[in-house]
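These numbers come from a predicted model, not from an experiment. Throughout, a chain's letter reflects where its sequence line sits, starting with A, and its residues are numbered from 1.
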Amino acid sequence: MGPVTRSSSRVVAKVAKSKAGIDKPLKANNNPGIEKRPKKTRKVKVGNSKNDQDVKKRLESDPGASTTKPSGSKSFWLMKAEPESRIVKGKDVKFRQNIKYSIDDLADMENQTSPWDGVRNYEARNIMRDRMKIGDEVLFYHSNCKQPGIAGLCEVVRDAYPDFTAFDKDHPYYDPKSDEKAPRWFVDVKFVRKFPQLILLSRLKEHLKNSKSADSSPLKNMALLNRGRLSVQPVSKEEMEFIMKLSSGDATL
DNA sequence: GCCAACGTTGGC
DNA sequence: GCCAACGTTGGC
């Protein structure tokens with residue numbers, strides 16, 4: 001299973017750069033203690049760039065960010081995939097190497113399970129690598145399509161492991177900045193259920209807009225609405241409960 | 001370490 | 001197809 005496919009087109013662009021001999025070393029690592037990178041050819045002080053500090057700030061204010069998660073507790077996430085084909089430079093970037101992108105595609109896979117590979121954004125990668133755990137529940141979001149929205153539920157069935165697609169020069173997700181010593185990561189997810197109705201992004205936005213005060217909606221801090229571009233994002237317990245009610249067709253919402 | 005330029009995301 | 005938002009790059 002893949003993430004938002006545009007990120008892979010970006011990866012393709014990076015491959016082209018690499019072939020031209022101008023690929024750059026990996027940027028600052030947000031979690032230096034966990035991922036050791038023997039060669040740091042770029043002089044960036046780890047964790048101190050503006051972006052790193054922004055990320056740190058976000059993680060600190062983020063309800064799912066606790067690293068001392070009590071055993072047995074469950075975290076919630078939202079992951080974006082693109083269910084529709086998209087043509088980039090004459091090539092359909094959706095269907096390749098049997099990778100597909102809608103919740104129906106996940107349901108059709110062997111064991112209804114698939115690696116969520118191809119994530120290249122650092123913050124999204126770090127969430128998968130450091131925070132997603134077996135048993136966590138994941139909202140499956142359909143992105144960049146006619147009807148963007150939350151399509152169903154899946155669960156994490158394998159903790160993070162290195163993203164081998166990043167090492168494979170022939171793979172669409174090949175990433176010249178990744179190798180065995182500085183890998184990208186992913187988790188495996190398993191289909192749980194498809195919602196009877198897509199929960200449209202427009203509906204969530206409408207709900208937020210119509211709530212009596214800025215503070216009264218359980219969606220007020222939802223990353224999907226506030227941080228649109230993050231492809232793997234945390235969902236709070238409150239947000240999750242609300243989405244679950246919506247998914248079961250609660251007419252009072 | 002700053003920040004402008006650039007490239008991508010993703011809703012519309 | 002447009003374009004605002006924002007993440008990444010790379011010169012300084």
Nearest-angstrom distance from the residue atom [atom1] of [X] to [atom2] of [N]:
X	N	atom1	atom2	result
A:Asn121	B:dT9	CG	P	10 Å
A:Asn144	C:dC3	CG	P	17 Å
A:Glu82	B:dG10	CD	C1'	8 Å
A:Leu200	B:dC12	CG	P	10 Å
A:Asn226	C:dA5	CG	P	14 Å
A:Leu225	C:dC6	CG	P	13 Å
A:Arg229	B:dG7	CZ	P	14 Å
A:Arg125	C:dT8	CZ	C1'	13 Å

Pairwise distance CH2(A:Trp77) to CE(A:Met132) - rounded to 0.5 angstrom: 6.5 Å
For A:Asn221, side-chain hydrogen bond (donor to acceptor under 3.5 Å, both in side chains) partners two or more places apart: none
Sugar-phosphate only, base, or nothing, as touched by A:Lys146 at under 4.0 Å among non-hydrogen atoms: nothing
Nucleotide nearest A:Tyr122 (side chain, heavy atoms from C-beta), chosen from C:dT8, B:dC12, B:dG10: C:dT8
A:Tyr141 side chain near B:dT9 phosphate (N/O to OP1/OP2, under 4.0 Å): no
Phosphate OP1/OP2 of C:dG7 contacted by A:Arg227 side-chain N/O (<4.0 Å): yes
Counterpart residues, ring pair (Phe, Tyr, Trp, His ring centres under 6.0 Å), relative to A:Phe242 (two or more places apart): A:His207
Validation row: A:Val187, A:Arg158 side chains within 4.5 angstrom (heavy atoms): no
